[in-house]
Amino acid sequence: SAEGGQAAERMAAQLQTLLVSPEVRWFGLSILGAVADPSPEEWRWLRGVEDQIFAVLDSEQGRFYSSTHEAFMDAVLFGTCAMYMGGTFRMEFQSRPFVEIYLDTGRSDRVDTVVRGYMLTRRQAIQEFGEGASDSITVGRGRKKLPMGERLRFTHIVRPYGNGEPGYESVYVCDDDEQIVGDGRYSAFPYAVGRWSRAANERYGRGPGTRALPDVRMANSLGPDTIL
């Protein structure tokens, strides 16, 4: 039965409609600590900044709304979702699949570390890191000339600096030859991590799909002839 997956899609769509609908202005800006209403000039400035933010969210390059729907799907099914927020020239949003990420929390119990393991083709890796970033990217795994469609494994680590320095360290590693292919830093944590519900000291959340899975499995095992 496809009812379980369809129910998850409907719930994710409803969450997006209620929280971040592309059809309405779902947030507004104000002046922090203001005791009076904004002046006409202040109101126009705030409205202009809002318009610029919504333009980025609506842009094809930003992919905010499609990424949030994917993230809501992970939250509904698995109880945990992670969306990357970055970009070189303009803000881009990308939902990271739940199966790719490992989370860790700091002493405040907030997620401050994300380790992502993922695959790229050689062509994609060259676009991302440059042809000379590692041996595997340059000539292929095991120094054997491989086609551009050959897939390589990478790890991206984002974590706080250990010496108390502000910001977050970013390191990209090509696992096939264990070479660092990119590094940098973020002034703010670049992931928005959502956890549906959880018990104390749990790093990962529990979603409606997790709780419904036994019932879905039982319904599927009964077969269509026994379901009234």
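Keep in mind that what you see is a predicted model, and the values were worked out from it rather than measured. What's counted below: heavy atoms across the whole structure, side chains too, no hydrogens, waters or symmetry copies.
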Common cluster, Tyr118/Leu103, ILVMFWY with side-chain heavy-atom separation under 4.5 Å: yes
Ring geometry between Tyr204 and Phe98 (parallel below 30°, tilted from 30 to 60°, perpendicular above 60°): perpendicular
Side-chain heavy-atom pair Phe154, Arg116 within 4.5 angstrom cut-off: no
Atom pair CG/OG1 of Leu152 and Thr121 - distance to nearest 0.5 Å: 8.0 Å
Asp176 side-chain N/O to Arg153 backbone N/O, donor-acceptor pair under 3.5 Å: yes
Over 12 foreign heavy atoms within 6.0 Å of CD, Glu178: no
Minimum side-chain heavy-atom gap Leu46-Pro38 below 4.5 Å: yes
Under 3.5 Å: donor-acceptor pair, side chain of Ser197, backbone of Arg206: yes
With Asp109 via side-chain hydrogen bond (donor to acceptor under 3.5 Å, both in side chains) - residues at least two apart: Arg198
Residue pair Met85 / Phe189: nearest heavy atoms and the distance that separates them: CE-O, 4.3 Å
Atom of Arg185, atom of Pro166 and distance for their closest heavy-atom approach: NH2-O, 2.7 Å
Exam field: side chain Glu202 to backbone Ala199, donor-acceptor pair closer than 3.5 Å: yes
From CD (Gln52) to CZ (Arg47), nearest 0.5 Å: 13.5 Å
Hydrophobic cluster identity match, Val111 and Val99, side-chain contacts under 4.5 Å: no
Verify same cluster id: Ile101, Tyr186 (apolar side-chain graph, 4.5 Å): yes
Steps toward side chain to side chain contact (heavy atoms under 4.5 Å, CB included) verdict (Arg110, Thr105): CA-CA 5 Å; Arg110 299 182 63 179; Thr105 58; 6.0 Å; no
Closest non-hydrogen atom pair, Asp74 against Ser95: OD2-OG, 4.5 Å
Value rounded to 0.5 Å, distance of NE2 in His156 from CD in Glu100: 12.5 Å
Worked check of salt bridge (Lys or Arg N to Asp or Glu O under 4.0 Å) between Glu128 and Arg123: CA-CA 9 Å; Glu128 181 75 15; Arg123 184 178 72 87; over 6 Å; no
Residue pairs passing the side-chain hydrogen bond (donor to acceptor under 3.5 Å, both in side chains) test where at least one lies in residues 16-31, sequence neighbours excluded: Gln16-Thr68, Arg25-Glu50, Arg25-Asp51, Trp26-Tyr65
Aromatic ring pairing Phe54/Phe27, orientation class (parallel under 30°, perpendicular over 60°, tilted between): parallel
Met73 versus Ala8, closest heavy-atom pair with distance: SD-O, 3.6 Å
Any residue meeting side-chain hydrogen bond (donor to acceptor under 3.5 Å, both in side chains) with Arg195, in chain and number order, not counting sequence neighbours: none
4.5 Å side-chain heavy-atom contact, Glu92 and Gln61: yes
Joint hydrophobic cluster, Val173 plus Val115, side-chain heavy atoms closer than 4.5 Å: no
Rounded distance (nearest 0.5 Å) linking atom CZ of Phe129 with atom SG of Cys174: 8.5 Å
Arg63 NZ/CZ over Phe93 ring centroid, <6.0 Å and within 45° of normal: no
Which atom of Ala13 lies closest to which atom of His69, heavy atoms considered: N-CE1, 3.9 Å
Heavy atoms of other groups near Leu29 CG, more than 12 under 6.0 Å: yes
Minimum side-chain heavy-atom gap Met11-Pro208 below 4.5 Å: yes
ILVMFWY network linking Tyr102 to Tyr191, side-chain heavy atoms under 4.5 angstrom: yes
Flag side-chain contact, heavy atom, 4.5 Å: Phe64 against Val20: yes
Worked verdict on Val114 versus Asp104 for side chain to side chain contact (heavy atoms under 4.5 Å, CB included): CA-CA 7 Å; Val114 173; Asp104 200 6; over 6 Å; no
Ile157 and Ser170, any side-chain heavy atoms less than 4.5 Å apart: no
Sub-4.5 Å side-chain heavy-atom contact between Val171 and Ile180: yes
Under 3.5 Å donor-acceptor, Glu42 side chain and Ser39 backbone: yes
N-O pairing of Glu169 and Arg159 below 4.0 Å: yes
Thr113 and Tyr168, any side-chain heavy atoms less than 4.5 Å apart: no
Any donor-acceptor pair under 3.5 Å from Thr80 side chain to Gly205 backbone: yes
